[in-house]
Participant: 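I am attaching a structure below and will ask some questions about it afterwards.
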Amino acid sequence: MSLDLDYAVRHAGRPAAELTRRDVARVLLAVPSGQALVSLPDLRRELLAAGNPLSVPFWDSAKATLSSIESGVATVGDVQRWLESTGSEPILLTRSYFVWPEEGERGPVATEMHARMVAFLEERVASGQIDVDALAAGDSDARHAYEELQERWLGAPLPDGRVPGAAVSDEQDEELYAAWDEEEAFALGELRRILAELPEPPLPAGDLRSAALRLRVTLTENGYPGNVLRACAGLDEDALPERDEDLWLAVAAGIASPISDLPDEEDAARFFDMEGELSHEDSILASLCAINHADWLAAVTTLAKYGPGALASPERIARFIADSEDVDLDAEDTLAEPEDLEATEMLFTAVTPLWAHLGIVDKAEVFTALGWWGLPKALERAWSAG
């Protein structure tokens, strides 16, 4: 494949006379940097002959960027910033932390809005509102104006009432929720399959009653763990389920799939230091939310197989997950590396103290008869809630 004007026209999908700096930059980045460097002078001459010479600052910036790529010193950020300096490339990450999805991962809305943004910027380049040569030269004022222009466009309603930035974010949220629901449904199916092959644990009625009595007290107390357990289960301390089984399962399920955040209390500031670090409670909830379906599935099914008396410390649970044969993980996702095991162990340090308050494990972090009976049921409940 040769990088010439014909290739550039086919790649950009528009005539040579209408090729923009962004079009040419994307063409140059679509081939190996060495090939692009060799082809650069001929491509420049062909565009000049087609009546679209672009500008000296652009060609100088192209040569400098391609040379940096070829020598191995250019970062991904360097290349992205050069592409953005063409004047019609949407900024990947704005100062308000809006992020465009990768090109191959854009949904219909993101694809439409990205194309609208490109067209908007091209119009501003044509009118001279965007100083592309100053951008190519790295002028900070030109860059600031370029960023501000895009920020305003992302936040301004279109004629149909949609706000571009919000529309893209909403679509990404919907895609994320759909993927999450799909993963959860698969995990639920695997959980039920595995549990169907195991004996049904007996209900330790006395243990459940004792645990529920303790839990009713804990859930009415301020601070940890009561506030975290209430948030996990989405419970109001003044309207707790009457049946012990319903209460216990709701809280145990909430640990695996937290329903709400901590409430905004008047004294919430005491949970934060002066530098704005997460409170202990918020850190616990963040850890719970970071545990994926596969890890919950491996941990709970392994404990269900071992039964009461199994050690359920965070370190042991991390090893259960790494050694599980029930969860189909890619080779890259296995927890064979020490740092992976340590990360999983750290997440489950948020879990086992909460389990202890429910009697799922005892003070020595040993799996109990109550945990054997209720933990798989709680996980099934958590994943069936949707």
Side-chain angles (χ1 to χ4, degrees), residues 180 182-204 207-208 211 232 245 248-258 284 287-385:
W180 180 267
E182 182 179 353
E183 181 181 333
E184 189 166 85
F186 177 78
L188 177 60
E190 289 297 289
L191 175 66
R192 287 171 171 167
R193 176 185 64 79
I194 296 167
L195 294 180
E197 300 172 355
L198 302 176
E200 177 70 20
L203 167 62
D207 294 344
L208 175 61
C232 285
E245 182 174 331
W248 192 94
L249 287 174
V251 177
I255 294 173
S257 184
I284 294 295
S287 294
L288 297 180
C289 293
I291 300 173
N292 61 43
H293 293 92
D295 288 355
W296 279 118
L297 179 64
V300 172
T301 55
T302 302
L303 287 170
K305 290 177 180 178
Y306 283 172
L311 179 62
S313 65
E315 181 181 9
R316 188 63 179 146
I317 290 172
R319 178 49 62 186
F320 287 161
I321 294 169
D323 296 340
S324 176
E325 297 179 356
D326 292 318
V327 180
D328 184 18
L329 295 173
D330 295 333
E332 295 180 355
D333 294 331
T334 57
L335 303 181
E337 298 297 328
E339 58 269 24
D340 296 328
L341 284 168
E342 183 178 351
T344 302
E345 179 183 342
M346 287 299 298
L347 291 178
F348 275 90
T349 58
V351 175
T352 51
L354 298 177
W355 278 359
H357 284 282
L358 274 71
I360 294 172
V361 297
D362 62 19
K363 294 180 180 180
E365 297 183 321
V366 173
F367 196 47
T368 66
L370 180 58
W372 187 40
W373 165 81
L375 186 57
K377 290 179 173 60
L379 188 61
E380 182 176 10
R381 176 175 175 144
W383 291 347
S384 302

Participant: Between atom CD of Glu184 and atom CG of Asn292, what is the distance when rounded to the nearest 0.5 Å?
Facilitator: 12.0 Å
Participant: Could you point out which residue of Ile284, Leu354, Ile291, Leu375 forms a side chain to side chain contact (heavy atoms under 4.5 Å, CB included) with Ile255?
Facilitator: Leu354
Participant: Is a salt bridge present between Arg193 and Glu190, judged by a nitrogen-to-oxygen distance below 4.0 Å?
Facilitator: yes
Participant: If you look at every heavy atom in Val351 and Leu288, which pair is closest and at what distance?
Facilitator: CG2-CD2, 3.6 Å
Participant: Please confirm whether the backbone N or O of Leu358 pairs with a side-chain atom of Trp248, one donor and one acceptor, at under 3.5 Å?
Facilitator: yes
Participant: Working to the nearest 0.5 Å, report the span between CG of Leu191 and CH2 of Trp296.
Facilitator: 12.5 Å
Participant: Taking atom CZ of Arg319 and atom CG of Leu311, what is their separation to the nearest 0.5 Å?
Facilitator: 13.5 Å
Participant: Donor-acceptor check, side chain of Ser257 to backbone of Ala253, threshold 3.5 angstrom: yes or no?
Facilitator: no
Participant: What are the two closest non-hydrogen atoms of Thr352 and Pro314, and how far apart are they?
Facilitator: OG1-CG, 3.6 Å
Participant: Rounded to the nearest 0.5 Å, what separates atom OG1 in Thr301 from atom CD1 in Ile194?
Facilitator: 4.5 Å
Participant: So which atom in Leu379 and which in Ala256 form the shortest heavy-atom distance, rounded to 0.1 Å?
Facilitator: CD1-CB, 3.8 Å
Participant: Can you find a pair of side-chain heavy atoms, one from Pro202 and one from Trp372, that are under 4.5 Å apart?
Facilitator: yes
Participant: I'd like to know whether CD of Glu197 has more than 12 heavy-atom contacts from other residues, nucleotides or ligands below 6.0 angstrom.
Facilitator: yes
Participant: Go through it in stages, so that I can follow the logic: the residues are Trp355 and Glu365, the test is side chain to side chain contact (heavy atoms under 4.5 Å, CB included), and I'd like the CA-CA distance, side-chain angles, deciding distance and then a yes or no.
Facilitator: CA-CA 9 Å; Trp355 278 359; Glu365 297 183 321; over 6 Å; no
Participant: Which pair of heavy atoms, one from Ala350 and one from Ser287, lies closest together, and at what distance?
Facilitator: CB-CB, 3.7 Å
Participant: Measure the CD-CG distance between Glu245 and Leu208 for me, rounded to the nearest 0.5 Å.
Facilitator: 6.5 Å
Participant: Cut-off 3.5 Å, side chains only: do Arg192 and Ser384 have a donor facing an acceptor?
Facilitator: yes
Participant: Do Phe367 and Ile360 pass the side chain to side chain contact (heavy atoms under 4.5 Å, CB included) test, and can you show the C-alpha distance, the side-chain angles, and the key distance before you say yes or no?
Facilitator: CA-CA 6 Å; Phe367 196 47; Ile360 294 172; 3.9 Å; yes
Participant: Check whether any side-chain heavy atom of Asp207 sits under 4.5 Å from a side-chain heavy atom of Trp373, and report yes or no.
Facilitator: no
Participant: Going from NZ on Lys305 to CG on Leu195, what distance comes out if it is rounded to the nearest 0.5 angstrom?
Facilitator: 9.5 Å
Participant: Assign the ring pair His293 / Trp383 to parallel, tilted or perpendicular, where the plane angle (0 to 90°) is split at 30° and 60°.
Facilitator: tilted
Participant: Give me the atom names and distance for the closest heavy-atom approach of Ala211 to Leu370.
Facilitator: CB-CD2, 3.6 Å
Participant: Please report the closest heavy-atom contact between Ala312 and Ile317, naming both atoms and the distance.
Facilitator: O-CD1, 3.5 Å
